[in-house]
Amino acid sequence: MRLNRITSNKCSNEFVFRVHGWGGIGAKADSLLKYGVCFLDRGIRVPNGHVISSSPYFRRLERPEGIEAGKIVKLNDESKIMVEDILDSIDGALAHAIRSSFQGDHTGNGIYKSVIGPLSEGIESIETIMTNAFSEDGEEFRKKRGLPPDISILIMPAIVDSEFGCPLLSGCGSTTWGPGIGRLAIAPGFGTRATGQSASIGLFDFAGELPEKLVLRLTNPQLHMPDHLVEHSLFSGRDDQFVNRLIQSRAYKKAVQKTLPTFLSRLKDIESDIGPFYFEFALARPANEIAQFVLQVAPYNYEDSHIEFPPESTPNVLWTKEVAGRCKKTATSIVSAAEYNVPKPKMRESMLEINRSTKDYILVVTDIHSAMAGPHKWLSYACFSNAVAIVEVNPEHHRAPSEHFRGLLSDSKIPFLHVDWFNMDDPAFKLQMLESFKAHECEAEILADDCAPEGSKGALVFKRLPNLGKY
């Protein structure tokens, strides 16, 4: 079967997106086409790509034709033939990144999946992406943002090093997170899926050297587990020996010490052209020399303003120093999602129901990382989309939220606050005593500023505490 239409969109003479179909191409592809020339002019590559547009290939899958949220999506025979025809026309690398390119998914919020693997598994990969897109989380995300269910797929060669079969380094970040400061999350291999090493980077006064602490963490093999380096069976079987070989290689050390600083300096110049932006990137040797690649870009508006906090002597205030987000919100209720002796499916069902029926509430959790990642995860966007803040009360154990989680909260304007210490007189201790998975009325003001002049800072100012019974 012949393709319905192929058009070529060129940016400079160095990268081309071939668009299959005549519908929209989605935010990821559109933003790369629009801003890619700014990166090319400064020596940062944009991979060639193919876009399967929203029409006609997936027309029958769009609402309201009947995909039930949470159900596995399968392409019909007609769509399979069309997609296979497109995949057969793509030459080049053994592995490809098959990514969603929907409206609103280019800002690093991680709401939709991407798959890295061989094109021979392209149909299954696209079905995985679509199943994720029409999940409860995908539906809720579009509903809250007022976005259409346009389905576009972006296919690009996986950026892999010729020796190691994965990038030397990759990650994501924002050029301006605070006054003169950007954020960077980076890891060996496929870093955007890894926890990575996060750091604040002063891009405006960047002098060509990375913070010593970041360099030490990136070059310490003990801090990088093999599962941070692999996303797909194509790269499975890696072990500690592989991790050590990658991190101790001359190419990796050069990428950390020379290529990465050069890349960051170029981002500073690009920001002068297009303003602050979110980016995803990879450093690898497709041939002999280390090359820099931008894989995703999303400009955003940055406001250099700060939140005013009450005096520290103010009663009934829960203070916190680790914060993600900058906002001032009001809550009318609070929900404790303590994980003590409650089956995970029951916890998810309870939170889904609470989130459907409750707005403007504070969600209290004990371990956000285990709740949203790993084998026992149960919490996702559809469980907290109507919350005004997420508070983690865990003095003993905490892992920083991933950059994608930060991006999702930033898009949703939901701040995250971590409490790492309290005494029995603090509101944090009392909040843990609340009956779980029930909305308790309260009056509270949430203040969060992750780039305050004195450092990250947050506070819950209770004007009326919830009924805590004997506490």
Side-chain angles (χ1 to χ4, degrees), residues 39 42-47 93 95 97 99 108 110 114 116 156-175 182-201 203 206 208-232 234-235 238 240-268 270 277-297 400 402-404:
F39 291 85
R42 290 170 175 82
I44 300 174
R45 299 186 191 180
V46 181
R99 318 181 69 192
S114 296
I116 293 180
M156 308 173 80
I159 304 304
V160 298
D161 187 79
S162 57
E163 179 181 354
F164 295 103
C166 63
L168 295 170
L169 283 169
S170 65
C172 56
S174 301
T175 58
R183 279 194 63 83
L184 181 69
I186 188 168
F190 292 104
T192 57
R193 289 290 185 191
T195 302
Q197 307 299 336
S198 297
S200 294
I201 304 293
L203 292 181
F206 190 72
E209 293 186 6
L210 295 175
E212 183 179 359
K213 182 178 179 181
L214 179 61
V215 173
L216 291 174
R217 291 179 69 85
L218 285 172
T219 54
N220 185 345
Q222 296 180 349
L223 297 177
H224 303 286
M225 301 300 292
D227 60 347
H228 285 184
L229 301 173
V230 298
E231 292 183 50
H232 190 274
L234 187 71
F235 306 108
R238 308 303 196 190
D240 290 339
Q241 190 174 19
F242 171 80
V243 176
N244 290 336
R245 188 165 65 89
L246 170 64
I247 293 177
Q248 294 175 5
S249 69
R250 183 178 300 177
Y252 178 83
K253 292 177 181 178
K254 182 178 179 181
V256 171
Q257 297 169 358
K258 294 185 177 181
T259 312
L260 182 58
T262 299
F263 175 74
L264 295 176
S265 295
R266 290 172 175 175
L267 295 185
K268 169 185 171 182
I270 293 170
F277 59 92
Y278 169 83
F279 59 92
E280 294 184 8
F281 73 100
L283 308 180
R285 294 171 299 172
N288 295 322
E289 296 298 320
I290 299 175
Q292 307 163 33
F293 294 87
V294 62
L295 309 176
Q296 192 168 316
V297 59
S402 70
E403 291 303 304
H404 279 338

| request: Working to the nearest 0.5 Å, report the span between CD1 of I186 and OG of S170. | output: 7.5 Å
| Once you round to the nearest 0.5 Å, how far does CD1 of I44 lie from CZ of F293? | 11.0 Å
| request: Using the six-membered ring wherever Trp is involved, compare the ring planes of F279 and F263 and label them parallel, tilted or perpendicular (cut-offs 30° and 60°). | output: perpendicular
| field | Smallest separation among heavy atoms of P188 and L246, with atom names | value | CB-CD2, 3.9 Å
| task | Taking only Lys NZ, Arg NE, NH1 and NH2, and the carboxylate oxygens of Asp or Glu, determine whether R245 and E163 approach each other closer than 4.0 Å. | result | yes
| field | Closest non-hydrogen atom pair, G189 against C166 | value | CA-SG, 4.0 Å
| message | Using 0.5 Å steps for rounding, measure from the CZ atom of R99 to the CG atom of L295. | response | 6.5 Å
| Taking the side chain from R266 and the backbone from R42, do they hold a donor-acceptor pair closer than 3.5 Å? | yes
| Nearest non-hydrogen partners of L260 and L169, listed with the distance | CD2-CD1, 4.5 Å
| said: Using a 3.5 Å distance criterion without hydrogens, assess whether the side chain of S162 forms a donor-acceptor pair with backbone atoms of P286. | reply: no
| field | Nearest atoms (heavy-atom pairs only) where S174 meets Y278 | value | OG-CD1, 4.1 Å
| Counting only N and O atoms by type, is there a donor-acceptor contact under 3.5 Å from the side chain of D161 to the main-chain atoms of R285? | yes
| query | What is the minimum heavy-atom distance between A251 and L168, and which atoms define it? | reply | O-CD1, 3.9 Å
| Is any side-chain heavy atom of R45 less than 4.5 Å from a side-chain heavy atom of I159? | no
| request: Find the distance between CG (L267) and CG (L184) and round it off to the nearest 0.5 Å. | output: 9.0 Å
| query | Taking C-beta and beyond as the side chain, do S249 and F164 meet within less than 4.5 Å on heavy atoms? | reply | yes
| Which pair of heavy atoms, one from F281 and one from C172, lies closest together, and at what distance? | CE2-N, 3.8 Å
